[in-house]
Amino acid sequence: MASSRKVIELFYDVVSPYSWLGFEVMCRYRNVWNIDLKLCPAFLGGIIQGSGNTPPGLVPNKFLYMTTDLHHLAQYFQVPISPPADPFEAMFEKCSLSAMRFVAAVQEREVGGHKQVEQVSRELWMRIWSQDKDITQPASLSEAAMKAGLSASEVEELLKLSTSKENKDKLKRSTQEALDHRAFGFPLAVCHVNGKAEVFFGSDRFELIAHCIGEKWMGPKPAAAKL
């Protein structure tokens, strides 16, 4: 008898390039490993504040290291990361709150899966971390959503929903769930195995995740993946 599928929750924010790496790899493996992947958009700013962490961009040596690190990781994971001209402004001054509220609205509206959430999230990452474009203004969110396949009327509805109290509270709950798992940054993968939650931080823990769920790590882009 086949073993039951494990559930992996992936908490992320599109302002984080490391979250993009974790997101793409987990999406590639969801049809390779025996898992149900649950995408959990949340707000990284709330995680940093709630955990008392210091953003890596505020530590000069870490900030300088990130540029080289992301170049190597983009090549290894085959994700088109190209840092914006002013990463500090994009990550810390503009903030991703409106973008993540929009993604939360997409998730609230979507029925029967995570396809739209996945596509909209990816388009937002493409804007900020590949094309050096804005992700804070309604026009920017609209462009990303329409590139992801949503209609103009759907986007208009989602923009309204994203600013509602109910949707803001939804994003807060997701962020708090991550904090309840002792998150201090993203991406955060929570593997539910045999009634227990195992937590893994970062985009360099895939071997451990595979070991935890009894699967095999086959590199950043397994040939058997069906996207």
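In this chain, numbering begins with 1 at the start of the sequence shown.
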Answer yes or no: is there an ion pair linking [X] with [Y], defined by an N-O contact shorter than 4.0 Å?
{"X": "Arg205", "Y": "Glu207", "result": "no"}
{"X": "Lys172", "Y": "Glu177", "result": "no"}
{"X": "Glu110", "Y": "Lys115", "result": "no"}
{"X": "Arg122", "Y": "Glu24", "result": "yes"}
{"X": "Lys165", "Y": "Asp169", "result": "yes"}
{"X": "Glu123", "Y": "Arg127", "result": "no"}

Pair [X], [Y]: side-chain N/O donor-acceptor within cut-off below 3.5 Å:
{"X": "Asn53", "Y": "Ser51", "answer": "no"}
{"X": "Glu118", "Y": "Ser121", "answer": "no"}
{"X": "Lys147", "Y": "Gln119", "answer": "no"}
{"X": "Asp13", "Y": "Ser96", "answer": "yes"}

Between Leu159 and Ser142, is a side chain to side chain contact (heavy atoms under 4.5 Å, CB included) present by the stated rule, with each step listed?
-> CA-CA 8 Å; Leu159 286 171; Ser142 297; 3.3 Å; yes
Measuring only between side-chain heavy atoms, which start at C-beta, is [X] closer than 4.5 Å to [Y]?
{"X": "Ile128", "Y": "Lys133", "answer": "no"}
{"X": "Met146", "Y": "Val155", "answer": "yes"}
{"X": "Pro187", "Y": "Phe11", "answer": "no"}
{"X": "Leu73", "Y": "Val79", "answer": "no"}
{"X": "Ser130", "Y": "Ile81", "answer": "no"}
{"X": "Leu21", "Y": "Tyr76", "answer": "no"}

Could you tell me whether Gln49 atom CD has more than 12 heavy atoms of other residues or ligands within 6.0 Å of it?
-> no
First locate atom [atom1] of [X], then atom [atom2] of [Y], and finally report the distance between them rounded to the nearest 0.5 Å.
{"X": "Glu215", "Y": "Trp33", "atom1": "CD", "atom2": "CH2", "value": "7.5 Å"}
{"X": "Leu70", "Y": "Tyr65", "atom1": "CG", "atom2": "OH", "value": "9.5 Å"}
{"X": "Cys27", "Y": "Leu39", "atom1": "SG", "atom2": "CG", "value": "5.5 Å"}
{"X": "Met100", "Y": "Phe102", "atom1": "CE", "atom2": "CZ", "value": "11.5 Å"}
{"X": "Ile213", "Y": "Tyr29", "atom1": "CD1", "atom2": "OH", "value": "10.0 Å"}
{"X": "Trp129", "Y": "Ile135", "atom1": "CH2", "atom2": "CD1", "value": "10.0 Å"}

Mind checking whether Trp125 and Trp20 have parallel, tilted or perpendicular rings, split at 30° and 60°?
-> parallel
N/O donor-acceptor pair under 3.5 Å between Gln107 side chain and Val117 backbone = no
Considering all heavy atoms of both residues, which atom of Gly46 and which atom of Leu179 are nearest to each other, and what is their separation?
-> O-CD1, 4.1 Å
Where at least one partner belongs to residues 138-194, residue pairs that pass ring-ring contact (aromatic ring centres under 6.0 Å, His included), sequence neighbours excluded | Phe184-Phe201
Side chain to side chain contact (heavy atoms under 4.5 Å, CB included) between Val25 and Ser203, intermediate numbers included | CA-CA 9 Å; Val25 171; Ser203 57; over 6 Å; no
